[in-house]
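Presented below is the structure to which this report refers.
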Amino acid sequence: MSNSPTTEVATAVDAATNPSADDVILECRNLSVSFEMDRGTSRVLHDVDIDIRRGEILGIVGESGSGKSMFASALLNAVVEPGRTDGTVTYHSPDDESVDVLELEKGPLRTLRWEEISMVFQGAMSSFNPTMDFREHFVETLEAHDYDVAAGLERAKELLADLYLDSDRVLDSYPHELSGGMKQRVLIALSLVLEPEVLVMDEPTAALDLLMQRSIISLLSELRDKYDLTMVFITHDLPLVTKLADRIGVLYAFEFAEVGDTTEMVRDPKHPYTRALLNATPNLDAPLSEMRPIAGAAPDPVAVPAGCPYHERCPMATPECEDVKPPMESVTKTHEVACHHWLDIDDEIPLSTGVER
Ligand SMILES: Nc1ncnc2c1ncn2[C@@H]1O[C@H](COP(=O)(O)OP(=O)(O)OP(=O)(O)O)[C@@H](O)[C@H]1O
C-alpha cells in the first residue's frame with residue numbers, strides 16, 4: 001500500500017519536530033503562559049512546541065499582542081508575576097547537559113540567563129544608567145557574574161569593534177552621548193560579553209530608522225557567524241526579518257500558525273494569515289510603515305475562538321474551521337502549517353505578483 005497523505009504528513013512532522021538532540025539547543029513543549037483575570041483565564045501563549053536549532057537565526061513574527069514577548073519571556077522563565085508558565089523548555093548546553101529552564105532555582109536561572117541565554121528586551125536601551133559610563137556598565141555585569149574583568153573588557157572591546165564602534169571612545173561615553181543606533185549596538189555587545197550561546201532579541205531595532213535597522217541586521221548576521229551564536233529575533237516587521245532569519249515562525253493568537261525556512265515562507269507560505277501578511281507588504285524592501293493592515297481584529301486572549309483561531313478573519317474558513325483545531329502538518333521537511341485548507345491555498349489566495357521574493 002502506498003503511503004497515504006496522512007502517513008506522509010505524520011512522518012515528516014516527526015522529522016521536523018524531532019531532529020537529533022545535538023542539533024537542538026532549546027526545545028519547547030506545550031509552552032503556555034496564562035494570567036487569571038476577573039473576566040476569565042487569559043491564555044497569552046498556548047501549547048507552543050518548537051525546537052530552536054544550534055546556530056540558527058529564528059525570526060518570530062506576529063501582529064501586536066500575538067504573544068511574541070510572552071514567548072521570549074517564557075523561553076527564559078522570565079514571565080512576570082502573576083503570570084503562570086506551563087510546559088517545558090529544555091536547554092541543551094554545548095557539553096551535552098540538558099537543563100529544564102522552567103524548573104531552575106533563582107541562582108542557576110540568573111546564571112543561565114546571562115551566561116547561556118542572553119536577552120535584549122524591548123526598550124532596554126532606556127535601562128542604561130545615565131550616571132554611569134559604558135565601561136562601568138560592562139564592569140558591573142562582569143563582576144556580578146564573577147568574570148575576569150580585564151579579560152571581559154578585552155572581549156567587550158572586540159565586540160564593540162565587531163559592531164563597528166570605536167571601542168575606547170564608547171567605553172568612556174555616557175548613555176546620553178550616543179545615538180539610539182549606537183546605544184543599541186552597545187546593548188548587543190553587553191548582552192554578548194559573558195559569551196552566551198543564545199541571544200534572544202525582542203524588537204531590537206523597533207525604535208531605529210530604516211537604514212540603522214538594516215545595518216544592525218547585517219551586523220547580527222556577522223556576529224552569528226563569528227561567534228557561532230543561536231539567535232531568536234522577535235519582531236512585527238516581516239520584511240525586516242526575511243533579511244536576517246534562516247527560519248521564520250508566524251505567531252497568531254498565541255500559537256504558531258506556520259513555521260518554515262525563510263525562503264519557503266516567503267515564496268510559498270501555506271497559512272492564509274502568512275499570505276495576508278505577505279500580500280499586505282508592497283515590497284520586501286519597503287519599510288514596515290508601507291504595510292497595509294489586515295482586516296479584522298486579533299483575538300482577545302480571554303476568548304480565543306474555538307477551532308482554528310484565525311477562522312473569523314479567514315476567507316477560506318469552512319464549518320470545520322469553526323469546530324476543529326487544525327493540527328500542525330508538514331508541508332516539506334522544513335516547513336509546517338496549521339491549516340485545514342493549506343493544500344488549496346494556491347488557488348484560493350494567490351500571492352501578490354510583483355513582489356521580489
Ligand atoms: N502582565 C500581563 N498581564 C496580563 N496580560 C498580559 C500581561 N502582559 C501582556 N499581557 C497580554 O498578553 C498578550 C500577549 O502580549 P505580548 O506582549 O506577548 O504581545 P506581542 O506580540 O509581543 O505584542 P507587541 O508587538 O505589541 O509587543 C496580550 O494580549 C497582552 O495584553
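One is the number of the first residue; the rest follow in order along the sequence. In each ligand, atom 1 is the first atom listed, and ligand 1 is the first ligand listed. Atoms considered below: every heavy atom in the structure, side chains included; atoms not considered: hydrogens, waters and symmetry mates. Every value quoted in this text rests on a predicted model; they were computed, and no experiment measured them.
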Inset, instruction - Give yes if a backbone or side-chain nitrogen or oxygen of Gly67 is under 3.5 Å from a nitrogen or oxygen of ligand 1, and no if not. - result: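 Yes: some nitrogen or oxygen of Gly67 is under 3.5 Å from one in ligand 1.
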Legend entry - Nitrogen or oxygen of Ser64 less than 3.5 angstrom from that of ligand 1: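 By distance alone, the answer is yes.
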Do the two ring centres, one from [X] and one from [Y], sit under 6.0 Å apart?
X      : Y      : answer
Phe134 : Phe128 : yes
His271 : Tyr252 : no
Phe71  : Phe256 : yes

Between [X] and [Y], do the side chains contain an N or O donor and an N or O acceptor separated by less than 3.5 Å?
X     : Y      : result
Ser93 : Asp95  : yes
Thr90 : Thr88  : no
Glu63 : His236 : no
Ser32 : His46  : no

Legend entry - Proximal atoms of ligand 1 relative to Pro301 (non-hydrogen, under 4.0 Å): 29 (O)
Inset, instruction - May I ask you to list the atoms of ligand 1 that are less than 4.0 angstrom from any heavy atom of Glu63? - result: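 It comes down to these atoms of ligand 1: 21 (O).
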Considering non-hydrogen atoms of the protein only, which is the closest contact for [atom], and what is the distance?
atom                    : result
atom 17 (O) of ligand 1 : Ser69 CB, 3.5 Å
atom 6 (C) of ligand 1  : Phe35 CE1, 4.0 Å
atom 12 (O) of ligand 1 : Val44 CG1, 2.9 Å
atom 10 (N) of ligand 1 : Met70 CE, 3.8 Å
atom 27 (O) of ligand 1 : Gln122 NE2, 3.5 Å
atom 25 (O) of ligand 1 : Lys68 NZ, 2.8 Å

Legend entry - Presence of salt bridge, Arg224 and Asp246, under 4.0 angstrom: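 Judged by the 4.0 Å cut-off on N to carboxylate O distance, Asp246 and Arg224 do form a salt bridge.
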Inset, instruction - Answer yes if a protein heavy atom lies under 4.0 Å from atom 21 (O) of ligand 1, otherwise answer no. - result: yes
Inset, instruction - Please check if a non-hydrogen protein atom sits closer than 4.0 Å to atom 30 (C) of ligand 1. - result: no
Inset, instruction - Take every heavy atom of Ser66, measure it against each atom of ligand 1, and state whether any distance is under 4.0 Å. - result: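 In this structure, Ser66 qualifies as a contact of ligand 1 - some heavy atom is under 4.0 Å.
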Legend entry - Gly65 touching ligand 1 at heavy-atom level, < 4.0 angstrom: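 It does; at least one heavy atom falls under 4.0 Å.
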Inset, instruction - Kindly give the heavy-atom pair with the smallest separation between Cys321 and His341, and that separation in Å. - result: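 Answer, listing the atom of Cys321 first, then His341: SG-NE2, 3.4 Å.
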